[in-house]
Amino acid sequence: MASPAYAWLRRRKSVVGKDVEELKRRLPLLEYLRQHNWTGHPASRSEFVGLCPLHQETRPSFYVNTRKNVFYCHGCGQGGDLIRFIQLSGGLSFRQSIACIEAQTIASTLPGDESAAVLEHTAVFYQQQLDNSSEAMRYLIRRGLHDPALIRELRIGYAAGGSLRHHLTAQGHSFDLLRQTGLLNPRGYDAFYQRIVFPLSQNGHLVNLYGRSMGAAFAHRFLRGSKGGLYAWEKVRNCPEVILVEGLFDYAALRQAGFHNVACALGTHLNADQFRQLCEGPHTVYLAFDVDANQSGQQAAEQLAHRLGTHGVSTRRVLLPPGHDPNSFFVEGGDARQFHSLLQAAQP
């Protein structure tokens, strides 16, 4: 049985304009970008600006117009709508991009048990592949993550590519399901190819996967649908003080250094569940966001501190050295004592 996305395409010899517009209305460009960990800051009433996800840059030049539902990058000159962005970022054809959008909009209709099962089997498979990849292990070491026990605890894996489809169909999962969850791209290949993979859990069940590219590909990738709540929230929800970081390598670096009261926002843009967790949980939140050259991390920390303050949550902004995040702080020689000093010096 063909997937709903491709069945939708086969019913037409050509894509009808009104159908394309309906798809784009169902999945706004800004929502899609945020699901893929893009951070944008308001530039005007209907525009957001951030770093371009299509090329490397240090000064934000990528604009998203929410009224017109389009983007334009003044750095690389690329622009267009959601379909065009998916074409450029994934190297896909127009029809493949349409199929990708259609599949993403129906992913939320998957039965919960079926979706959780395929994510669990995928996570286990990726863990096995990490054990067999010296290249992936060297990458983890370069990122400062060298504790085998912590790697096992976090269930970190590696997507070598090429065999996920065969493995999961042998487990009884249909090709349609793999496409709908986003584990396979429109060409049928592993969507997390050559990425370090972290499973994301909520209430004891896998809800998503995060992939960090080891090469030049788009750095961050999540499966379609919700990222869930704050990463590791169940471990810290009763702590009087919580250190909140942006990325999972930041989280791993702090855990490895002996800090156990750490949670991860999976980016600087918190969803409603994540914000609610912080409001209902700790007495003090230490915001250890990136100190980037463009100040986007610190601006996000200031905005979040203000929002939390209006809900009665005490915050402190941890000022890392310029150009650093918690991961790079430890990779480049920082230690637990020095990070403790940064916590003590954190600003309200």
Using distance alone, with no hydrogens and no angle criterion, decide if R317 and T315 have a side-chain donor and acceptor under 3.5 Å apart. no

Can you see whether H55 engages E57 through a side-chain donor-acceptor pair at a distance of less than 3.5 angstrom? yes

Are a donor atom and an acceptor atom from the side chains of S328 and H324 found within less than 3.5 Å of each other? yes

Side-chain heavy atoms under 4.5 angstrom apart, residues restricted to Ile, Leu, Val, Met, Phe, Trp, Tyr: same cluster for V49 and F71? no

Please indicate whether F275 has more than 12 foreign heavy atoms, meaning atoms of other residues, nucleotides or ligands, lying under 6.0 Å from its CZ. yes

Evaluate the criterion side-chain contact (heavy atoms from CB on, under 4.5 Å) for residue pair F175 and L168; output intermediate values, then yes/no. CA-CA 9 Å; F175 176 73; L168 292 179; over 6 Å; no

Nearest non-hydrogen partners of I86 and S97, listed with the distance: CG2-OG, 3.7 Å

Check each of F62, Y72, W38 against C52 using the side-chain contact (heavy atoms from CB on, under 4.5 Å) test, and report the only one that passes. F62

Are K235 and E153 within salt-bridge range, i.e. N to O under 4.0 Å? yes

Between L119 and the options L206, L200, V124, the side-chain contact (heavy atoms from CB on, under 4.5 Å) test singles out L206

Is it true that atom NE2 of H205 has more than 12 heavy atoms of other residues, nucleotides or ligands lying nearer than 6.0 Å? no

Return the CZ to CG distance between R152 and L154, rounded to the nearest 0.5 Å. 11.0 Å

E280, CD: over 12 other non-hydrogen atoms inside 6.0 angstrom: yes

Check: P199 and E120 side chains under 4.5 Å, non-hydrogen atoms: no

Could you state whether M137 and Y139 fall into the same hydrophobic cluster, counting links through intermediate Ile, Leu, Val, Met, Phe, Trp or Tyr residues with side-chain heavy atoms under 4.5 angstrom apart? yes

Measure across A136 and I196 and return the closest heavy-atom pair with its distance rounded to 0.1 Å. CB-CD1, 4.0 Å

Would you check if there is a donor-acceptor pair between the side chains of S46 and T66 at a distance under 3.5 Å? no

Verify the neighbour count for atom CZ of R155: are there more than 12 heavy atoms of other residues, nucleotides or ligands below 6.0 Å? yes

Can you confirm whether the side chains of H220 and Y210 place a donor and an acceptor under 3.5 Å from each other? yes

